[in-house]
Amino acid sequence: MAEHDADDESKSPQGQVENSKAADGSGSLDVQSADDKTVDGKSVESETLSGESAGGKSLEAKSTSNKSAGEKPADGKASAQKSADGKSAVQGPSGTNKLNADQLTAISGLAKDNVYVRQSKWTTFRQLPAGQKGSFFVQNFLLGTVAIVAAVVIVVSLVVTYLTKPPTPVFTLEAVNMHQDSSQISALKDGFVKYDNIKDSRLIDFGSDLHIAKNSYADDSAKIMTQISAGQINAMISDKKTIATLYKRGLVNKPSEVLTASELKHYLDMGVLVDAQGNPATSAKTAVAFDLSRSQTWKAKGLPESALFGFANVNNGKDHPRAFARYLDFK
């Protein structure tokens, strides 16, 4: 009877399917799983029964449920392991590493209250040990100190420059082509400073360094024109030919443009004014310069009597040029 029942079962559709799976060894005949049970918070192994394979051998697999990462060790005690620096670190119940003694000491030092935080850098600098003051000064005060010193140097330099800078001359005379007479020209200046009661001799400037020549290397025509245009030359003395050249260039002002009417008439009546060719002027319109051969002061200094004196740019005022004409003491 049992054999008959087995045959009937194999003939049923469900039995055919199960037999076919067993025949090709690809699937299990039957799987029975025991329900997972938990005892005292621990997982119990669950047993799985596998079917027979094609070779007829019985396979049995046992699986153990996974433990969670945060589960305590079975004995409830902390395990020790080596830290990265080779020193022992303590692993806590949660599985994380505790810090070793050196690390704890370092963190304790960093966590200490900084006594310098709430005070000024200058106070901190004074309280630091001598060995730390140098580096602290460089980091916090050097740049500011250099800036202050540089500012002080600049201010002092400007003050010294201002105090020692010579004043701008109020009357400048240039003796053109007369460098050989420089000492007498200097003496002429000293006499005029006293005559005109000039307290600071630097306000009067007499020179004899400029030349007008055919040689372009030695010719100062451009410089003379520039200085006269800028008002840096107020009067000129030179020979007749040079004065005529300067007058043609428009660099000599007529006496009528500087002198008062009474002064102009006085010098015309004396016959000390000459025209552009050095001949005695007959009127204020033709008068260009003064004949220095009629000057007592000029001749007393041993200067050449063939020279002429003429006005240039008198933008600094006419008082000193007119005073110099009186100082020459024409007769």
Mutual orientation of the aromatic rings belonging to F290 and F309 [parallel < 30°, tilted 30-60°, perpendicular > 60°]: tilted

If you round to the nearest 0.5 Å, how far is [atom2] of [Y] from [atom1] of [X]?
{"X": "D319", "Y": "D196", "atom1": "CG", "atom2": "CG", "result": "8.5 Å"}
{"X": "L303", "Y": "S293", "atom1": "CG", "atom2": "OG", "result": "13.0 Å"}
{"X": "H211", "Y": "T242", "atom1": "NE2", "atom2": "OG1", "result": "11.0 Å"}
{"X": "M270", "Y": "D291", "atom1": "CE", "atom2": "CG", "result": "11.0 Å"}
{"X": "F324", "Y": "I237", "atom1": "CZ", "atom2": "CD1", "result": "4.5 Å"}
{"X": "F311", "Y": "L173", "atom1": "CZ", "atom2": "CG", "result": "10.5 Å"}

Minimum side-chain heavy-atom gap S229-N313 below 4.5 Å: no

Side-chain heavy atoms of H320 within contact of I198, under 4.5 Å: yes

Heavy-atom pair with the smallest gap, counting every atom of [X] and [Y]:
{"X": "Y195", "Y": "R326", "answer": "OH-CB, 3.5 Å"}
{"X": "K318", "Y": "V258", "answer": "CD-O, 3.7 Å"}
{"X": "E174", "Y": "D209", "answer": "OE2-N, 3.0 Å"}
{"X": "T145", "Y": "F137", "answer": "OG1-CZ, 3.8 Å"}
{"X": "F206", "Y": "F171", "answer": "CE1-CE2, 3.7 Å"}
{"X": "G271", "Y": "R294", "answer": "O-NH1, 3.2 Å"}

For the hydrophobic clusters of this structure (ILVMFWY residues joined by side-chain heavy atoms under 4.5 Å, transitively), does one cluster hold both [X] and [Y]?
{"X": "L273", "Y": "Y327", "result": "yes"}
{"X": "L268", "Y": "L292", "result": "yes"}
{"X": "L308", "Y": "I228", "result": "no"}
{"X": "V146", "Y": "F141", "result": "yes"}
{"X": "V176", "Y": "L328", "result": "no"}

Verdict with reasoning, Q227 to T172, per side-chain contact (heavy atoms from CB on, under 4.5 Å): CA-CA 10 Å; Q227 291 186 355; T172 301; over 6 Å; no

[X] side chain to [Y] main-chain N or O, any donor-acceptor pair under 3.5 Å?
{"X": "Q103", "Y": "N100", "result": "yes"}
{"X": "T161", "Y": "S157", "result": "yes"}
{"X": "N253", "Y": "A312", "result": "yes"}
{"X": "K331", "Y": "Q296", "result": "no"}
{"X": "W298", "Y": "P304", "result": "yes"}
{"X": "K254", "Y": "K285", "result": "yes"}

Partner of S221 under side chain to side chain contact (heavy atoms under 4.5 Å, CB included), chosen from L210, L246, I212: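 That would be I212; it is the only one of L210, L246, I212 passing the side chain to side chain contact (heavy atoms under 4.5 Å, CB included) with S221.
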
Quick check: are there more than 12 heavy atoms from other residues, nucleotides or ligands sitting under 6.0 Å from [atom1] of [X]?
{"X": "L143", "atom1": "CG", "result": "no"}
{"X": "K223", "atom1": "NZ", "result": "no"}
{"X": "K301", "atom1": "NZ", "result": "yes"}

Note: K194-D190 ion pair, threshold 4.0 Å (strictly below): no

Check against side-chain contact (heavy atoms from CB on, under 4.5 Å), R249 and M225: CA-CA 9 Å; R249 295 177 181 178; M225 182 178 65; over 6 Å; no

Polar contact flag, side-chain donor to acceptor under 3.5 angstrom, S262-T260: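 Yes, T260 and S262 have a side-chain donor paired with an acceptor closer than 3.5 Å.
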
Those residues that, when tested against D200, pass salt bridge (Lys or Arg N to Asp or Glu O under 4.0 Å) (two or more places apart):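 With neighbours one apart ignored, the set is R202.
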
